[in-house]
Amino acid sequence: AMLISFGLYAIDAFTGPEIARLLTTGKRTELQRIVNRVTRLRFWSALAALTILGFAGTELLGLFGDEFVVGYSILMILATAQLIQAAAGPATRLISLSGHQNRSVLVFAVAILVAIVLVVILVPLFGVRGAAVATLLDTALWVGWMRYLVVRHLDIRPSFL
């Protein structure tokens, strides 16, 4: 699932300088356009990876040994968390590059606390699947919050549609 994350970081690294330039020049229309393009690239590539994992995940896990195949459902849960992150576009990068990075401190502090609470509750009940679900829920929380900050403070609405 982290291979999806690697792809998201690669896309952000490639497009980051252009986003920074547009933020500093105040060209909001062009910035909205590139953010949507980046968001579409992130989302659709993550969805393609999730689809491949959906069809070939057990075979891919089996390459590491039969004992890894039981982790298929966990792989799909974690890959779905990456898809959620992809759908929000480069929200974290936008907040960081626009001078609002201090706002993300609260987001990630709350996300850490929520992650701890979710793990404490879900792992005893569901084991490693509970940890994966905790990760998915926590990712949805902080990603949604970061996207909200982008809309509120930058008036940019990342969209994969």
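These numbers come from a predicted model, not from an experiment. Heads up: numbering here begins at 1 and tracks the sequence.
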Legend entry - Verify same cluster id: L41, L94 (apolar side-chain graph, 4.5 Å): yes
Legend entry - Mutual orientation of the aromatic rings belonging to W44 and F160 [parallel < 30°, tilted 30-60°, perpendicular > 60°]: perpendicular
Legend entry - D12 side-chain N/O to P90 backbone N/O, donor-acceptor pair under 3.5 Å: no
Inset, instruction - Quick one: closest heavy-atom pair of I4 and A46, and the distance? - result: CG2-CB, 3.8 Å
Inset, instruction - Output all residues satisfying side-chain contact (heavy atoms from CB on, under 4.5 Å) with A1, sequence neighbours left out; order by chain, then residue number. - result: L75, L78, A79
Legend entry - Polar side-chain atom of R147 near backbone of G89 as donor-acceptor pair, under 3.5 Å: no
Legend entry - Co-membership, hydrophobic cluster, residues I84 and F108, 4.5 Å side-chain: yes
Legend entry - Gap separating the CG atom of L23 from the CG atom of L154, nearest 0.5 angstrom: 6.5 Å
Inset, instruction - Enter the distance from L83:CG to Q85:CD here, rounded to the nearest 0.5 Å. - result: 10.5 Å
Legend entry - Donor-acceptor pair, side chain of Q32 and main chain of R157, under 3.5 angstrom: yes
Inset, instruction - Check step by step if side chain to side chain contact (heavy atoms under 4.5 Å, CB included) holds for V151 and I156. - result: CA-CA 5 Å; V151 171; I156 298 292; over 6 Å; no
Inset, instruction - Spell out, yes or no, whether V107 and L113 are grouped together once hydrophobic residues are joined by side-chain heavy atoms under 4.5 Å, including indirect joins. - result: no
Legend entry - Considering all heavy atoms, the nearest S159-N36 contact: N-OD1, 3.0 Å
Legend entry - Note, R129 side chain near V123 side chain (heavy atom, < 4.5 Å): no
Inset, instruction - Report whether L97 and V143 are members of the same hydrophobic cluster (ILVMFWY, side-chain heavy atoms less than 4.5 Å apart, transitive linking). - result: yes
Legend entry - Inter-residue atom distance R42.CZ - T15.OG1, 0.5 Å rounding: 8.0 Å
Inset, instruction - Run the numbers on T80 and L136 for side chain to side chain contact (heavy atoms under 4.5 Å, CB included), then give the verdict. - result: CA-CA 7 Å; T80 301; L136 173 70; 3.9 Å; yes
Legend entry - I95 side chain reached by M146 side chain, heavy atoms, under 4.5 Å: yes
Legend entry - Atom pair OG/CG of S98 and L22 - distance to nearest 0.5 Å: 13.0 Å
Legend entry - Any V114 side-chain heavy atom under 4.5 Å of W142 side chain: no
Legend entry - Which residues share a side-chain contact (heavy atoms from CB on, under 4.5 Å) with L106, sequence neighbours left out: V110, W145
Inset, instruction - Following the transitive rule for hydrophobic clusters with a side-chain heavy-atom cut-off under 4.5 Å over Ile, Leu, Val, Met, Phe, Trp and Tyr, establish whether L63 and M76 coincide in one cluster. - result: yes
Inset, instruction - Give a yes or no on whether the backbone of E59 and the side-chain of Y72 come within a donor-acceptor separation of less than 3.5 Å. - result: no
Legend entry - T135/V119 under side chain to side chain contact (heavy atoms under 4.5 Å, CB included): CA gap, chis, key distance, verdict: CA-CA 8 Å; T135 300; V119 165; over 6 Å; no
Inset, instruction - Check whether any side-chain heavy atom of I34 lies under 4.5 Å from a side-chain heavy atom of E30, and answer yes or no. - result: no
Inset, instruction - Test L8 against Q82 for side chain to side chain contact (heavy atoms under 4.5 Å, CB included), laying out the working first. - result: CA-CA 9 Å; L8 300 180; Q82 295 300 318; 4.0 Å; yes
Inset, instruction - Give a yes or no on whether R152 atom CZ has more than 12 heavy-atom contacts from other residues, nucleotides or ligands under 6.0 Å away. - result: no
